[in-house]
Every structure is written in C-alpha cells, then in structure tokens.
Trainee: 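First the structure, which I've put down as structure tokens, then a few questions once you've had a look.
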Amino acid sequence: MQFQNNLAFAKSLDNLDALSKYKSEFIFPQHNGKDVIYFTGNSLGLQPKRTKKYVDEVMNDWANLAVEGHFYAEKPWWDYHERFAVPLGKIVGAKPSEVTVMNTLTVNLHLLMVSFYRPTKNRYKIICEEKAFPSDQYMFQSQVHFHGYKTEDAIIELKRREGEHNLRLEDILAKIEEVGDELALVMIGGVNYYTGQVFDIKTITEAGHKVGAMVGWDLAHAAGNIALHLHDWNVDFASWCSYKYMNSGPGNASGCFIHEKHHHNDELPRFAGWWGHNKERRFKMEQTFEPVHGADGWQISNLPILSLAPYLASVEMFDEIGMEKIIQKRNQITAYLEFILHEIDKEVKGHFEIITPQHPEERASQLSVYFHGEGRSLFEYLMKNGVVTDWREPNVIRFAPVPLYCSFEDMYHFGQILKSGIKK
Ligand SMILES: *Cc1c(COP(=O)(O)O)cnc(C)c1O
C-alpha cells in the first residue's frame, strides 16, 4: 500500500481498521482536554476500562465473604489462576498445562534458573545478549556468583558488529556453536527492549539444544506483541511481565512457560512452596512435597488475587480479539509510523535514524529512533505537547504504536508535532 502523510489518509486507515473500536476501551491520560498520543505501552500499557470491574469483584467478595471467598467467591481464589491457562496459552503458543502466573518477572527467571541452570565442572557458561535489560544482567551475575563462578568466565555476551545496531542471527548461532559443550544455558530477550529487534526464537532454541544447552527466554517485550509458539519451538522455559503490552497494571504478576517435557522430571530441583503441591492434597498440610505435574508445580505461594484480577481482564480481552488480528494491525501501524518518520526526516534533513530492523520479521510494535542533535530537549518538547514517549541514553527515543489503542490518526498528528519540535 502506498502511504500518504495527511490526515484524510490516516483517517481512511482507521476506518478500515478492525481494531479501531478498542481504542475507546482504554483510559488515556489527558493533555489540554484531549487524549495523549501514547507510545509507551512497551513500558506500561494503558488501563482497560473493563479492568475495574474485575478488581471490584474481588474487593466485594473479600468484603462479603472474607475467608470463604477462597471457595465461594464469584471466581474462587484457590484456583483463580487456572482461568489463565487456556487464553494465556494461546497468546504464547503453549498447552494449558505449560503456563502459569505468579510472582514478578525477574523473580520468576531466578526461580526458573534454579531448575534450568545446572552448571557442572565443564558445562557452566551462559550466553546472553550484550546490554541485556539491566535486571537480567544483575540476575545472570548473581546466579553465576551463587554457583561459585566469575562473571568474566561464565557469562558470554553476544556482541553487535562494529557500527551496527542489531545482532545478526549468524553471529548468535556461531557463538553458540563456539561455546559448544561448555554452554549450560542460552537466555535472551525475545524482543530487545532498546532496539526493538525481534529474535528468531525457534532457530536459536534449536541451536542451543544441538550443543546440549538449555534455552530460556525473557519475553517481557514479546508477550502480547509477537507471534509465539513456545511449545512447538521446544523452548525449555520462558517468563514475561504483564504490565507492558499486556496492560495489566504497574508491577503486576508475571507469566511463566515450562515445556511439557520437563513436567514429569522429578530430578529437576526447584524452590518449592505449598501452592505448587498436588492440588487435591494441598490443604492436607502434608510433610512431603509432591509437585503438580505442570507449570503450576513451580508456584510457591498462595496467589495475589488482587493483582491477578487486572491480568485476567487483559488476557480475556486478548482472547476475544486473537493475536492474529493484533499482529496484522501492528505490522500496518508500525509501517505507517516508519513512513511518517521518514517523511518528516526528509523535511528536516537527516536529523535522525531508525535503529530498529527494517525487516517486518525482525521487528514488532516498537521503533527506536536515534537523534543526531537535540534528543533530550526534543523528548521534552514531545511530552509537553501530549506525546508520551520514553528516553533512553545516549540519544534514543522509543515509540511503540500499540495496536490495541493507537490510531493511524495519532501517527499523523505525531509527525506534525515532531516536525514542529525539530524546527523550533
Ligand atoms: C521490563 C523488563 C524486565 C522487568 O522485570 P521486573 O522483574 O518485572 O521488574 C525484565 N527484563 C526485561 C527484558 C524487561 O524488558
């Protein structure tokens, strides 16, 4: 399709958009009496209007039933999490028994590493990406220290080539091959938080397995954003937060995937708690731990129902729409934003460059733009003019045109605001 940088054209795309009605299902911060243009759904998704109902329901059940709510609430609390298995499984491409919700992302990755990072004398190295999300870097460092290894020795970072912004698949595969039988674990973010690069999860997982390593994924920027087939891709484990593309509120509960092939392996160590114990016998308060055979067997505590409620609202919304439609719109609106950026860049003469890969297979709902010149003041100008973005050192602004609540018209208006900010 030949895009045009004008309001009538943007509106015509909105008219054709099957998801346009969902914009009104979200609550937007206001700027001069109007909804902001929200580009930071990759950091904290907007609040769906339906969420309050889910939270109120728990508050009311708690008020009216107190402890009896565990069994007699509208949605009983003792197995509340089981409502996620089917719809969340569809979002990440997993069997219902392979997904669960619990804790928060970094905590879950640590817990999963207890089971899946089992270093031995010869096989103890971890491959991760250079400049991984800081929490992941701290996690890797503290895990290898915990096992008695040194960061420099045990952690192998995948490097970008000189002058390039993104990792090349061939370089990742070559590194896996090179570390070979010293490699215990490969763990990468499915979508890089800084550049928006999407990795080939299937191929990288296969390559890790070929040399005998476990392969896990941090899907913080991938869940609810890209097509995932975790079961078919034979991924060992994965975890994601629910507050980015999944719109379930600040710091909210995380999701986990553990491949079925590991469910019956009682040799795998884990840090256990009563919520992972055989469901039928949980309240018998027995001494011996007998895990649920499934991802739920990794749960530890009684679940935070008030935080699962917004997550459930969101998962049900995703289920109602389906990832396919979300991805279809995502591709179109990201391409339209890219077009608008290029048009404006022509007018302001090479003021910036998009560092996110151009190829649609290698990117999703985010374009990261490197500004040559006044990045920081431009970011502030955008914020003052009702465009919410985020700033990353040294000079990058990230834009996530989230398909559920961003419109093509937003992209057009954003272009005009950007142009006036640069000309100023
Ligand atoms: C957002 C994000 C996190 C955040 O972790 P929390 O434990 O939820 O604070 C971790 N890793 C990546 C890659 C992220 O993008």
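Numbers here are sequence positions counted from 1.
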Trainee: Verify the ring-centre separation between His231 and His259: is it less than 6.0 angstrom?
Mentor: yes
Trainee: Could I get the full list of salt bridge (charged side-chain N to carboxylate O under 4.0 Å, His left out) partners for Glu74, not counting sequence neighbours?
Mentor: none
Trainee: Would you tell me whether Trp217 and Thr205 have side-chain atoms, one donor and one acceptor, within less than 3.5 Å of each other?
Mentor: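 On atom types as modelled, these side chains qualify, holding a pair under 3.5 Å.
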Trainee: So, do His70 and Trp78 have ring centers that fall under 6.0 Å from each other?
Mentor: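 No - the distance between ring centres of His70 and Trp78 does not fall below the 6.0 Å cut-off.
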Trainee: Go through Leu308 and Trp77 one step at a time and tell me if the side chain to side chain contact (heavy atoms under 4.5 Å, CB included) criterion holds.
Mentor: CA-CA 10 Å; Leu308 294 192; Trp77 306 329; over 6 Å; no
Trainee: Tell me yes or no: between the side chains of Ser20 and Asp17, is some donor less than 3.5 Å from an acceptor?
Mentor: no
Trainee: Do we see a donor-acceptor contact under 3.5 Å between the side chains of Asn234 and Lys261?
Mentor: yes
Trainee: Measure the shortest side-chain to side-chain distance between Arg398 and Val369 over non-hydrogen atoms and say whether it is less than 4.5 angstrom.
Mentor: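 Not in contact.
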Trainee: Nearest 0.5 Å please: distance from the CG atom of Leu312 over to the OG atom of Ser242.
Mentor: 11.5 Å
Trainee: Check whether any side-chain heavy atom of Asp390 lies under 4.5 Å from a side-chain heavy atom of Arg392, and answer yes or no.
Mentor: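 With C-beta onward as the side chain, the pair touches.
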Trainee: Identify, with sequence neighbours excluded, every residue that meets ring pair (Phe, Tyr, Trp, His ring centres under 6.0 Å) alongside His264.
Mentor: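 Only His293 meet the ring pair (Phe, Tyr, Trp, His ring centres under 6.0 Å) criterion with His264.
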Trainee: Do His262 and Asp236 have side-chain N/O donor and acceptor atoms under 3.5 Å apart?
Mentor: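 Judged by distance alone, the side chains do pair up.
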Trainee: Restricting to side chain to side chain donor-acceptor pair (under 3.5 Å), what partner residues turn up for Asp319, sequence neighbours left out?
Mentor: Lys90
Trainee: Would you please name every residue forming a side chain to side chain donor-acceptor pair (under 3.5 Å) with Glu316, sequence neighbours left out?
Mentor: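 Only Tyr54 meet the side chain to side chain donor-acceptor pair (under 3.5 Å) criterion with Glu316.
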Trainee: Mind checking whether Ile258 and Phe116 have side chains closer than 4.5 Å, heavy atoms only?
Mentor: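 Sidechains of Phe116 and Ile258: in contact.
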Trainee: When you compare the side chains of Trp298 and Ser115, does any donor N or O come within less than 3.5 Å of an acceptor on the partner?
Mentor: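 Note: Trp298 and Ser115 side chains meet the donor-acceptor criterion.
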Trainee: Once you round to the nearest 0.5 Å, how far does CD1 of Ile176 lie from NZ of Lys125?
Mentor: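 Ile176 atom CD1 to Lys125 atom NZ measures 14.5 Å (nearest 0.5 Å).
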Trainee: If we ignore angles and hydrogens, is there a donor and acceptor under 3.5 Å between the side chains of His277 and Gln299?
Mentor: no
Trainee: Do the non-hydrogen side-chain atoms of Glu130 and Leu158 ever get within less than 4.5 Å of each other?
Mentor: no
Trainee: Pairing donors with acceptors under 3.5 angstrom, does anything connect the side chains of Asn252 and Ser307?
Mentor: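 Indeed, the side chains of Asn252 and Ser307 share at least one donor-acceptor pair under 3.5 Å.
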Trainee: Could you pull out all donor-acceptor pairs under 3.5 Å where a side-chain atom in residues 220-230 meets a protein atom, sequence neighbours excluded?
Mentor:
{"unit_1": "Asn225", "atom_1": "OD1", "unit_2": "Ser365", "atom_2": "N", "d": "3.3"}
{"unit_1": "Asn225", "atom_1": "ND2", "unit_2": "His221", "atom_2": "O", "d": "2.9"}

Trainee: Given side chains that start at C-beta, do those of Thr334 and Leu367 come closer than 4.5 Å, heavy atoms only?
Mentor: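 Touching, per the 4.5 Å side-chain cut-off.
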Trainee: Evaluate the side-chain proximity of Asn108 to Trp240: yes if any heavy-atom separation is below 4.5 Å, no if none is.
Mentor: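 No; the side chains remain at least 4.5 Å from each other.
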Trainee: Going through the checks in order, is the side chain to side chain contact (heavy atoms under 4.5 Å, CB included) test met by Asp153 and Tyr124?
Mentor: CA-CA 9 Å; Asp153 183 30; Tyr124 59 92; 3.0 Å; yes
Trainee: Name all residues meeting the ring pair (Phe, Tyr, Trp, His ring centres under 6.0 Å) criterion together with Phe408; count only those two or more places apart in sequence or in a different chain, and write none if there are none.
Mentor: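 Checked Phe408 against ring pair (Phe, Tyr, Trp, His ring centres under 6.0 Å); matches are Tyr336.
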Trainee: His110: which residues meet the side-chain contact (heavy atoms from CB on, under 4.5 Å) condition with it, sequence neighbours left out?
Mentor: Thr106, Met139, Ser142, Gln143
Trainee: Is there a side-chain contact between His147 and Tyr117, using heavy atoms and a 4.5 Å cut-off?
Mentor: yes
Trainee: How many angstroms lie between OG in Ser135 and CG in Leu105, if you round to the nearest 0.5 Å?
Mentor: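 Reported value, rounded in 0.5 Å steps: 7.0 Å.
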Trainee: By side-chain contact (heavy atoms from CB on, under 4.5 Å), which residues pair with Asp171, not counting sequence neighbours?
Mentor: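 In terms of side-chain contact (heavy atoms from CB on, under 4.5 Å), with neighbours along the sequence ignored, Asp171 is linked to Arg161, Arg168.
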Trainee: Do His145 and Thr151 get their side chains close enough for a donor-acceptor pair, meaning under 3.5 Å?
Mentor: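 Distance-only check passes for His145 and Thr151.
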Trainee: Any side-chain heavy-atom pair from Ser239 and Asp218 closer than 4.5 angstrom?
Mentor: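 No, their side chains stay 4.5 Å or more apart.
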Trainee: Among Tyr193, Tyr245, Phe39, Tyr194, which one satisfies side-chain contact (heavy atoms from CB on, under 4.5 Å) with Gln366?
Mentor: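 Exactly one candidate clears the test, Tyr245.
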Trainee: Report the C-alpha separation of Glu267 and Arg118 in whole Å, then their side-chain angles, then the decisive distance to 0.1 Å, and conclude whether the salt bridge (Lys or Arg N to Asp or Glu O under 4.0 Å) test is met.
Mentor: CA-CA 11 Å; Glu267 308 272 280; Arg118 305 294 306 149; over 6 Å; no
Trainee: Mind checking side-chain contact (heavy atoms from CB on, under 4.5 Å) for Val292 and listing every partner two or more places apart, or none if nothing turns up?
Mentor: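 Residues passing side-chain contact (heavy atoms from CB on, under 4.5 Å) with Val292: Asp296.
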Trainee: Please identify each residue that fulfils ring pair (Phe, Tyr, Trp, His ring centres under 6.0 Å) with Phe318, with sequence neighbours left out.
Mentor: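 Testing Phe318 for ring pair (Phe, Tyr, Trp, His ring centres under 6.0 Å), a comparison that skips the adjacent residues, returns none.
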Trainee: For the CZ atom of Arg123 and the CG atom of Leu183, what is their distance to the nearest 0.5 Å?
Mentor: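 One finds 7.0 Å between CZ of Arg123 and CG of Leu183.
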Trainee: Testing the 3.5 Å rule here: is there a donor-acceptor pair between the side chains of Asn247 and Ser314?
Mentor: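 No pair is found: no donor N or O on one side chain lies under 3.5 Å from an acceptor on the other.
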Trainee: Would you call Lys159 and Glu157 a salt bridge, using N to O less than 4.0 angstrom?
Mentor: yes
Trainee: Considering residues at least two apart in sequence or located in another chain, which fulfil the ring pair (Phe, Tyr, Trp, His ring centres under 6.0 Å) criterion with Tyr311?
Mentor: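 If we apply the ring pair (Phe, Tyr, Trp, His ring centres under 6.0 Å) test to Tyr311, skipping adjacent residues, the hits are Phe84.
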Trainee: Drop me the distance from Tyr38's OH to Phe28's CZ, to the nearest 0.5 angstrom.
Mentor: 9.5 Å
Trainee: Sequence neighbours left out, what passes salt bridge (charged side-chain N to carboxylate O under 4.0 Å, His left out) with Glu57? Give chain and number order.
Mentor: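 Per chain and number, Glu57 pairs via salt bridge (charged side-chain N to carboxylate O under 4.0 Å, His left out) with Lys75.
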